[in-house]
Amino acid sequence: MPVVLDRKGDSVVARDLDDGGVEVAILEIPSETLPAYVAERDAAEHPRWVWSDTAEWYPRLLLAGVRVERAADLRLCRRILRSAEATSSTPLAGLPRDGWDAAAAAPVVEPGAALFDLTERVERGPAHEEYLRQADAVARSREPGVLALLLAAESVGALTAAEMSHAGLPWSARRHDEILTGLLGARPVAGRPERMEALVVRLRELLDAPELDPDSPERLLRALQNAGLPARSTRSWELKELRHPAIAPLLEYKKLARVLTANGWNWVDSWVREGRFRPVYVVGGVVTGRWASDGGGALQLPHQVRGAVVADPGWKLVVADAAQLEPRVLAAMSGDAAMARAGRAQDLYEGIVESGAVADRNEAKYGMLGAIYGGTTGVSGRVLPRMRRVFPDAMRLVEEAARAGERGERVRTWLGRTSPSRGGEGYDETLSSEARDRARSDARSWGRFTRNFVVQGTAAEWAMCWMGSLRRRLWELGEGAQSAARHPFDRRPHLAFFLHDEVMVHTPAEFADQVEQEVRAAAADAGRMLFPSAPVEFALTVAQVDSYDRAK
DNA sequence: CGATGTTGCCAC
DNA sequence: AAACGTGGCAACATCG
């Protein structure tokens, strides 16, 4: 039964609706007692909470020690329904833009902050009215079943994201410092670390450029050219083609400079508190439905510093990665029997090699990635015709998505998230030849986007179903282990990190084996939820480790 | 001096 | 190997 929460001044109004959406009870609650109210009803009745925005409501409930089982996020659901093709002829799609279309307002999450301290105020109408509009749009849509699953997955994703931010990624500042010191030398009080400074001295000699500052791409490029090198940019992969004694130390300098600026000591000072890095996930922040992140570069943690992610004493990290997720998703969506067969192998790329389509794993990998990204050159271009012959259904699906995009049509994921419209001018015979070339090239580029959208977006849906199922399984696993805990995840296995096709669970060591089983079971759940009849296996690579660098 | 654009590189 | 999809972010350069 849905219970819709709405703010009213400094208090909260809770409306119980019946399954037909009719209000059967209403209660006003002072906001200080909201956590207790939510905790009690959640335990007793397992209601489906409905609120405007999980990112706004949930962090403070978590801070008060309250975890909920289910909650619909009206803001995220509105965004999906607003642009979904399947709801395009419903009243919701025709509404003028309103507060429900506005971006999230970040809450002020500090122990002392009041429930409704927001960084900015977003005015939205009554939540129960929006809830009914959305329910109506789903019911009238061409495919209520899958859309409802998408909305549920997005909503549970928002809960999981808030919980992972709350629990945080266990981060050892001491290990991080050891890693940095090993690479760069000791932390400098000012100026460059020792190793980098030594490299600069060498570079200045080797390039005969006493003033050289390798941090300035422009001046670096000029210095390289003055030394007689045919450099066109200072990109590492281009520099690698050049032969000169300065290239190796330069590449090393760039490597170190990257670590220092992106994940150096300053990063630790800014982002690690009390042994935790707390990423802010932006659910649905990518057009395709993938998550983005806000602050700290949470989704780009370089492998170099992953050794600083260390389980608490007596705990383990269970790190699971969906092997070749996007190709498997493509096989399932397209019903391509040959590709599904290749996916029986733990390594789908090896399965493709065994199918005889390609000579080696490398060709299989770049052939598949080329099919999904729209590659035309190099290995992917060469292998494409063979992929088409061996996996006709899969290749047809991506190529039709590309052609639809080129024609300016929208495409959709398996569960119905719809790509944005292209906007801009279309192709027109009256254009000049250069303008026509550009229009054609823009169309092809948009085709690569829509081609990728259907696969990347569906993979994101699979991942959210995986994580949603795992979240529930972990909670059930932890029941009983919890007695003396002060906050919901103190003593029990919980999700700690998510990265597109990879999850990390932080767990008391005695649960690690069971966690691994649940992670695998959840992947099977996700496969069944999305593709009940497709014989595609979603293989995982799972590792139980003490630190993140030991996984993979 | 802050806002905006560009470059380059990290992740999947 | 070559430069084909989605992002975030820091530093430098430039603009107003």
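Note that the structure is predicted; figures quoted are calculated from it, not measured. Because only heavy atoms are used, hydrogens play no part in the values below, and waters and symmetry mates are left out as well, while side chains stay in.
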Given [N], is OP1 or OP2 found less than 4.0 Å from the side-chain N or O atoms of [X]?
X        : N      : answer
A:Lys254 : B:dG8  : no
A:His303 : B:dC10 : no
A:Thr234 : B:dG8  : yes
A:Arg258 : B:dC10 : no
A:Ser216 : C:dA11 : no

From the set [options], return the single nucleotide nearest to any side-chain atom of [X].
X        : options                : answer
A:Asp215 : B:dC12, C:dA13, C:dC12 : C:dC12
A:Gln300 : C:dG5, C:dG7, C:dC12   : C:dG7
A:Lys255 : C:dC12, B:dC10, C:dT6  : B:dC10
A:Val286 : C:dG7, B:dG8, B:dC12   : C:dG7
A:His500 : C:dG5, B:dC12, B:dG8   : B:dC12
A:Arg306 : B:dC12, C:dG8, C:dA1   : B:dC12
A:Trp237 : C:dT6, C:dA3, B:dG8    : C:dA3

Donor-acceptor pair, side chain of [X] and main chain of [Y], under 3.5 angstrom:
X        : Y        : answer
A:His506 : A:Gly168 : no
A:Trp265 : A:Leu260 : no
A:Thr376 : A:Gly381 : no

Worksheet item: Toward the 5' end of DNA chain C, which comes first, A:Asp294 or A:Arg290, by nearest nucleotide?
Response: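 Closer to the 5' end of DNA chain C: A:Arg290.
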Worksheet, complete the sentence: Assert: residue with more 5' nearest nucleotide on DNA chain C, out of A:Ala371 and A:Ala262, is A:Ala371
Sugar-phosphate, base or nothing in reach of [X], heavy atoms under 4.0 Å:
X        : value
A:Arg382 : nothing
A:Ile372 : nothing
A:Val379 : nothing
A:Gly374 : base
A:Lys240 : nothing
A:Gly295 : sugar-phosphate
A:Arg444 : nothing
A:Arg448 : sugar-phosphate
A:Arg235 : sugar-phosphate
A:Glu326 : nothing
A:Asn263 : nothing
A:Ser236 : sugar-phosphate
A:Gly381 : nothing
A:Val455 : nothing

Discussion item. Please tell me whether A:Ser216 and A:Arg219 have a donor and an acceptor in their side chains that are separated by less than 3.5 angstrom.
Written reply: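 A donor-acceptor contact under 3.5 Å links the two side chains.
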Discussion item. Parallel, tilted or perpendicular, judged at 30° and 60°: which one describes the rings of A:Phe277 and A:Trp171?
Written reply: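 Judged by the thresholds at 30° and 60°, the geometry between A:Phe277 and A:Trp171 is perpendicular.
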Worksheet item: Do the rings of A:His500 and A:Phe498 sit parallel, tilted or perpendicular, given the 30° and 60° boundaries?
Response: perpendicular
Worksheet item: Using the benzene-type ring in the case of Trp, are the ring centres of A:Trp414 and A:Phe531 under 6.0 Å apart?
Response: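 Yes: the rings meet the under 6.0 Å criterion.
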Practice prompt. Classify the side chain of A:Tyr366 versus the base of C:dA1 as yes if they form a donor-acceptor pair under 3.5 Å and no if they do not.
Written response: yes
